[in-house]
Amino acid sequence: MNQKFQTTISNCKFFLVLFFFTGVFTHVSFAQEFFVSPLGNDRNDGTEANPLATISEAKERAYAGAAKERGSEIIIGLLNGKFQITEPIVFGPALANGNSITIKAVKGSRPVISGGIHLSSWEKTTKGWWETNAPVLAKVNPRELFVNGQRAKRARFPNEGYLRVKQVGVNRRTNFVFERNDFPIPEFVSNVELVVLHDWSISRNRVKEIDQTENRLFTKDSIGARDPAFFNLDHWEPNPRYFLENAVEFIDEDFEWVFNSEQNKIVMRFPANINPNQENIVVPVSEGLIQLQGSEDSPVQNIRFEGITFCHSLWNIPEEGYCGVQACNFDPRPERGGWAVVPAAISAEWAENCSFNDCKVSGVGGSGIWFGTGCKNNTISNSVFDDISGNGIMIGEGRDREINGLKWWKAAPQQVAVKNIVSNCLVTNCGVQFFGAVGVWCGLTAETTIKYNEIFDLPYTGISVGWMWSPEKTPCRENTIDNNHIHHIMNILSDGGGIYMLGLQPGSKIVNNRINDVKINAGRAESNGMFLDEGTTDVVIENNLIYNIAKSPLRFHRATTNLVKNNALFCKKENPPIRYNTTNEEDIRKVENDIFYENDTAYEKELETAIEKWK
């Protein structure tokens, strides 16, 4: 072999080897890591020894790093402490080409992202109470206050339970007569809030006037949603329940407080041995904490949160009042098209492959977390949702958004939230302010999976899926509610259940769930283990265990064809195991269900066996 030919072969081998390694390295992930501490400095290099101070700065550096490399795996490690923000941290769609950002607790740390401000400079009043100035920030009208991590009660009357409307006013919307001496008459009524309970929702209205001559209370706007039109004060009960909040005359217990908007003062009663200047007292000021904001053409991708606590998110109700319709949808004021929705502390639109794992959301003024329009393949797992004013978790959206004058689900059904998962979460104590809230709410969604969660201690429904009150076709399909334990719900309102579903949902399944302890309520309509409401169609209800239900374990209302199979239904003898309201019983196919009636000989033993089997 001549020298020239050998040289040519050697050069070819070199370039083949170079090509091979170049090809390999273009697919290798490049890892970057930034550390953040509340004690850090944004001029630092972001190492663990010299951490940054803010998550926003770390995010900017992470995005800049991702822009330089393909397949970057960027870690933002949060060290112990509280990261205080006054506006949401926004993640946009800049990531591409397989890049990802994980914002996570450093091992051994439990960082907190708080949208609250510490209150100081408390002074004692002549009454022995304490007062301080509220934060002087735009749109801050405090509705929550937290003392050493615990929500303090805004002063209300009565402290527990409810008053009853004596007589509804002529227009059935703006005033009513109360019993003389029902409550202390506030000297200043402009800050007082009236809370009225409807069957499955509530209204919160500011009081305009209290006429002591006629014992009549007037509100600044209509009580109850204007749409649907049946939200009259006395539609469900002739003498509906109500209570009043936010007057100094109602303060009669330690840790009760009020906000005086005219003076911008917070007034609070503390035990005699406590000086509030030595306590950690916080009010929310940030309207949201985390936002994932993409678009249909450019979604947010591969953002992950792990091991973080989120708290103290602000949401002020509209000036005209909050008049709930259902599941934290409410009648907007002034009038406009569609319903409004109580926003979430963590919100996402057009987000893909994002996740929240081992996180906690607590002490927030709106809802907890919401994966909305166009969200795809996202996961919420192993997380806790507690002390939430609105819904705990929200997936998808309702019917009202329009595209070129058409409802979105008709004009662009592909925009449906699809293949999102909620698993192994604990959801409790939601609806603290807005009692019509749901633990896990899903609107018009597709292939949503809700599994292995425990959901309990709620004023209304545990899980709700669907948002069409008829069998009209929408993108809602193939949703699965599987192996959840839902208990001690419907504690205040009525006409709901452990699981609430409605509308056409081909391929959807409610399977292997345990639902127990649904008490009877004071509203007109009953509550159930499951309430399959208007238009529920093509749903399989199989292998569920339902017991300790004040009324029927299952109720269908204006439903069509569905399959009920292999369920264990425990009920009182005076209640049918399945109730059919305006539903053709023949349309509900029933196969091999076990029915047990209270006080029968085998009841307790069969229930014990069924619970053990479910575990």
Side-chain angles (χ1 to χ4, degrees), residues 54-60 76 78 82-93 101 103 111-117 134-135 137-146 151 282-295 299-300 303-305 308-319 322 327-330 332 340-351 354-356 359-375 378 380 383-398 401 417 430-434 437 441 443:
T54 66
I55 299 169
S56 293
E57 175 63 23
K59 182 203 73 173
E60 294 302 321
I76 297 176
L78 304 186
K82 181 182 290 186
F83 296 86
Q84 292 186 300
I85 59 175
T86 57
E87 59 183 14
I89 303 170
V90 180
F91 290 81
I101 296 178
I103 305 94
V112 175
I113 297 176
S114 168
I117 284 182
L137 292 173
K139 299 181 180 180
V140 174
N141 183 2
R143 299 187 58 82
E144 288 105 4
L145 184 147
F146 299 88
R151 183 186 293 255
V282 174
V283 293
V285 297
S286 180
E287 294 186 275
L289 303 176
I290 300 292
Q291 294 178 0
L292 308 180
Q293 293 182 346
S295 65
V300 180
I303 307 290
R304 305 179 186 117
F305 295 84
I308 303 169
T309 294
F310 301 90
C311 60
H312 306 146
S313 177
L314 171 72
W315 185 62
N316 288 318
I317 69 172
E319 178 70 20
Y322 168 88
C328 287
N329 284 249
F330 64 93
V341 185
V342 174
I346 300 168
S347 61
E349 289 192 348
W350 297 107
C354 297
S355 64
F356 288 80
C359 292
K360 181 176 183 180
V361 181
S362 178
V364 296
S367 296
I369 187 168
W370 185 3
F371 278 99
T373 302
C375 286
N378 303 291
I380 304 167
S383 296
V384 174
F385 295 81
D386 180 24
D387 189 17
I388 311 290
S389 285
N391 295 322
I393 298 171
M394 303 171 69
I395 306 291
E397 61 181 310
R401 182 170 60 89
C430 301
V432 175
Q433 280 198 68
F434 311 108
W441 176 87

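Model, not experiment: these values are computed from the prediction. Both backbone and side-chain heavy atoms feed into the values below; hydrogens, waters and symmetry mates do not.
- Residues satisfying the salt bridge (charged side-chain N to carboxylate O under 4.0 Å, His left out) test with Glu87, not counting sequence neighbours, are none.
- In this structure, Cys359 SG and Ile103 CD1 are separated by 9.5 Å, a value rounded to the nearest 0.5 Å.
- Nearest heavy atom pair, residue Ala351 against residue Cys354, reads CB-SG, 4.2 Å.
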(request) Decide side-chain contact (heavy atoms from CB on, under 4.5 Å) for Val432 and Glu144; before the verdict, give the C-alpha distance in whole Å, the side-chain angles of both, and the deciding distance to 0.1 Å. (result) CA-CA 10 Å; Val432 175; Glu144 288 105 4; over 6 Å; no

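- When all heavy atoms are compared, the tightest approach of Ile85 to Val285 is O-CG2, 4.5 Å.
- Going from atom CG of Leu289 over to atom CD1 of Ile369 covers 10.5 Å, rounded to the nearest 0.5 Å.
- Nearest heavy-atom pair across Ala348 and Cys375 is O-SG, 3.5 Å.
- Separating the CG atom in Leu78 from the CD1 atom in Ile308 is a distance of 5.0 Å, to the nearest 0.5 Å.
- Atoms NZ and CD1, from Lys59 and Ile89 in turn, are 8.0 Å apart once rounded to the nearest 0.5 Å.
- Aromatic ring centroids of Phe434 and Trp441 lie 6.0 Å or more apart.
- Distance alone, capped at 3.5 Å, places no donor-acceptor pair between the Asn378 side chain and the Phe371 backbone.
- Distance CG/Leu314 to CZ/Arg143: 9.5 Å, rounded to 0.5 Å.
- Using the six-membered ring where Trp is involved, Phe146 and His312 have ring planes that are tilted, between 30° and 60° apart.
- Looking at Trp370, its side chain never comes within 3.5 Å of a backbone N or O of Ala345 through a donor-acceptor pair.
- A donor-acceptor distance shorter than 3.5 angstrom exists from the side chain of Ser367 to the backbone of Asn391, with no hydrogens or angles considered.
- Between Cys430 and Gly392 the shortest heavy-atom distance is SG-CA, 3.6 Å.
- A perpendicular orientation is assigned to the rings of Phe310 and Phe305, their planes being inclined by more than 60° (bins at 30° and 60°).
- Glu287 and Ser313 make their closest contact through C-OG, 4.3 Å (heavy atoms, listed as atom of the first residue, atom of the second, distance).
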(request) Could you give me the CA-CA distance, side-chain angles and deciding distance for Trp350 and Thr373, then say whether side-chain contact (heavy atoms from CB on, under 4.5 Å) is met? (result) CA-CA 6 Å; Trp350 297 107; Thr373 302; 3.8 Å; yes

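- Scanning all heavy atoms of the two residues, the minimum distance from Tyr322 to Asn329 falls at OH-O, 4.4 Å.
- Looking at Ser389, its side chain does come within 3.5 Å of a backbone N or O of Val364 through a donor-acceptor pair.
- To the nearest 0.5 Å, the span separating SG on Cys311 from CZ on Arg151 amounts to 11.5 Å.
- With a 4.5 Å cut-off on side-chain heavy atoms, Phe356 and Val361 do not count as touching.
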